[in-house]
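Working notes, structure below.
Residue numbers start from 1 in every chain, and the chains themselves are labelled A, B, ... in the order their sequence lines are given, proteins ahead of strands.
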Amino acid sequence: MTRERLDLVTGKGGSGRSAVAAAMAVAAVDDGARVLAIDMDATGGLPAHLGMRSARFESRVRGGGGSGEPTEVRPGLSVIAIDRAAALSEYLRVQMSVPTAATVGPIARIFDALASTAPAIREIVTLGKVLWEVKRGGWDLVVGDAPSTGQIPGYLRAPRTIGELVPKGRIRNQADWMDSILTDGSATTRLVVVSVLEELPVTETSELVSWLDSEFPSIHRTIVANRALSPLPATEPSGDGITDHAADLQRALVAEQSDWEKVLSPDHTLPALFGPTGPEDVVAHLLEGVATW
Amino acid sequence: MVNPRLLVVTGAGGVGKTTISAAVATTAARAGWRTLVVTVDPAKRLATALGVELGSEPSTDPHEPNLAAAMLDAAGSWRIVARRHADPEVADRLIDNEFFVAATNHFPASQSYAAADEAAGFVGSGEWDLVVVDTPPASGGIEFFTAPAQMTDLVGGRLLRFLTGSRIPGRNLFFRAAARPALRIADAVLGAHLLERVAQFLMDLRTTYDGVASRAATMERLFRAATTLVVTTSDAGPVGEAARFFDELPEVASEPRAVVFNRSIPEEWIGATAPEGADPLLVANLEAWSAESERQRDLRSTFLRRYRSDMVSIPLMKTPPTGHDQLASMIPSELMSILGIDNH
């Protein structure tokens, strides 16, 4: 039996991380794995890329309790979108052993209000749901469409922040258990950072990787360049304005991207897709690229 | 005496908001408006393009006498809020408080509140005819406009009322409230008297309420009078964000004045064909760009059928702009007249 694998896919807004996460999930299923894909900030991007209108809606309708049971969208592939309110009440019931529905309600309201002030409360609820799915097993791979590069450190660090603020008690015990899943190697945790080849996303990616080196050296990392244009070899000009302008543009953008690709030094590069319209088309086009990761 | 104008530039992350803000500001400055552009976390190259060392204080480029730029430090701004609105002793206690530090980093509205607060200060100073605010990337969306209300709520405090059961709590109330069953269980769940420590922090923060509330009211007035420009690319994600703006902004400010589709491929490229005998590589390249241009146009049309906004396309450029001339050349005069900042 192999260890559970957790892949958290992050990237700056607009990097295409939801599409990459969806493609990774589908590629693993095609390879025979049982996969759970989780939309961690309920933007709806991941479910849309997997052909669902809204997993949040599904889980509300079917779940009945908490943030919902996973919805199986095809054999071997299940999806959950984390709804914060629902995840919170599940967290309180399942992980904090708060006894009854009657007490969950008022406590959830206190937690919810607290999440705007106390650090790490909001993050621990979301991360807790993801790690709980890893811990309870049954999945070969859990793929999280995670918050953006700017926010992901707050999530990964949430168990430690709780540890610093709260010396003992139930929430502290939960936090300790979560931090150990991330660090002790009982599951293989990987952060996949998706970046387009422009200044700000590349800079943010480098900062995130240095942060990971110092705070979580045990977490594997995979850096992915997305939307890379393919080089256009030198040609005779055609003499036609638009044709030559399009060629100039392609060459100039490729040169600009290639400068940033050197700075990023990605493990993998995915192509820019011209033409596909629907989110599912995008995933189909990316599949080949992610199959070997 | 003309009132200073506030232009808020908003949209999803990664669409070029900061560049468009700087470009509009440069163009306005050259048309005679004393202009300040307020930005958060610009790319190094853009900071260089603006020709100024960005810092919290507005700084002016000698070559562009009407243009100044300022960059916000959200954490620093919060400290200013505490100093401005709390007694010195309470402010010291707040600034050292672990929850204050956390709220600075975590409270989703904090960066937006800080940006709005500074913008209000600049507009009120009378030094500028036009203040252009580039909204913070983390919030990007509507949160920038709801930040004053959220901040008032935090300070005011829904949470504090939960914890104490009183609108104007005193220090000893928490302990009485802790006898309530839900709080007792919550305190056991959280452990270590976390709730009590949060309540004490909130009671300190509560002393800033009058100052924060009146400042927030000023900001909300400003937002209602502000001009809002939505920036997007012709891609599904950012266009979805732009749609959210058009749906939700009228509730908290005013209707967006216009939408900019940045990085547009010229529409003339749709259906264009390479001449007879052109290199096959060029033929294939043009086909790809033509298909992409068509996809972009279809998405724009869908959006504009639904929202019927004034729209300006800014073309995809070969390289990011360097220097004021390139920034100014990005902005069509049509956009400036739509925004009402064409001549001064």
Residue part contacting chain B, namely of A:Glu198, when any heavy atom lies under 4.5 Å = side chain

Option in A:Asp240, A:Leu249, A:Leu253 with maximal non-hydrogen atom pairs under 4.5 Å from chain B | A:Leu249

Contacting moiety of B:Leu316, where chain A heavy atoms sit under 4.5 Å | both

Output a table of donor-acceptor pairs, distance under 3.5 Å, between side-chain atoms of residues 224-231 of chain A and any protein atom two or more places apart or on a different chain; print 'none' if there are none.
from, atom 1, to, atom 2, distance (Å)
A:Asn226, ND2, A:Ser15, O, 2.9
A:Arg227, NH1, A:Gly14, O, 2.8

Looking at side-chain heavy atoms only, is the closest gap between B:Ile265 and A:Phe274 below 4.5 Å?
-> no

Output a table of donor-acceptor pairs, distance under 3.5 Å, between side-chain atoms of residues 272-289 of chain B and any protein atom two or more places apart or on a different chain; print 'none' if there are none.
from, atom 1, to, atom 2, distance (Å)
B:Asp279, OD1, B:Leu281, N, 2.8
B:Asn285, OD1, B:Trp289, NE1, 3.4
B:Asn285, ND2, A:Ala246, O, 3.1
B:Trp289, NE1, A:Gln250, OE1, 2.8

Under 4.5 Å from a heavy atom of chain B, the part of A:Ile242 involved | both

Which of the residues A:Gly13, A:Ser148, A:Ser238 is involved in the greatest number of heavy-atom pairs with chain B at under 4.5 angstrom?
-> A:Ser238

Heavy-atom closest pair, residues A:Asp248 and B:Lys318 | O-CD, 3.9 Å

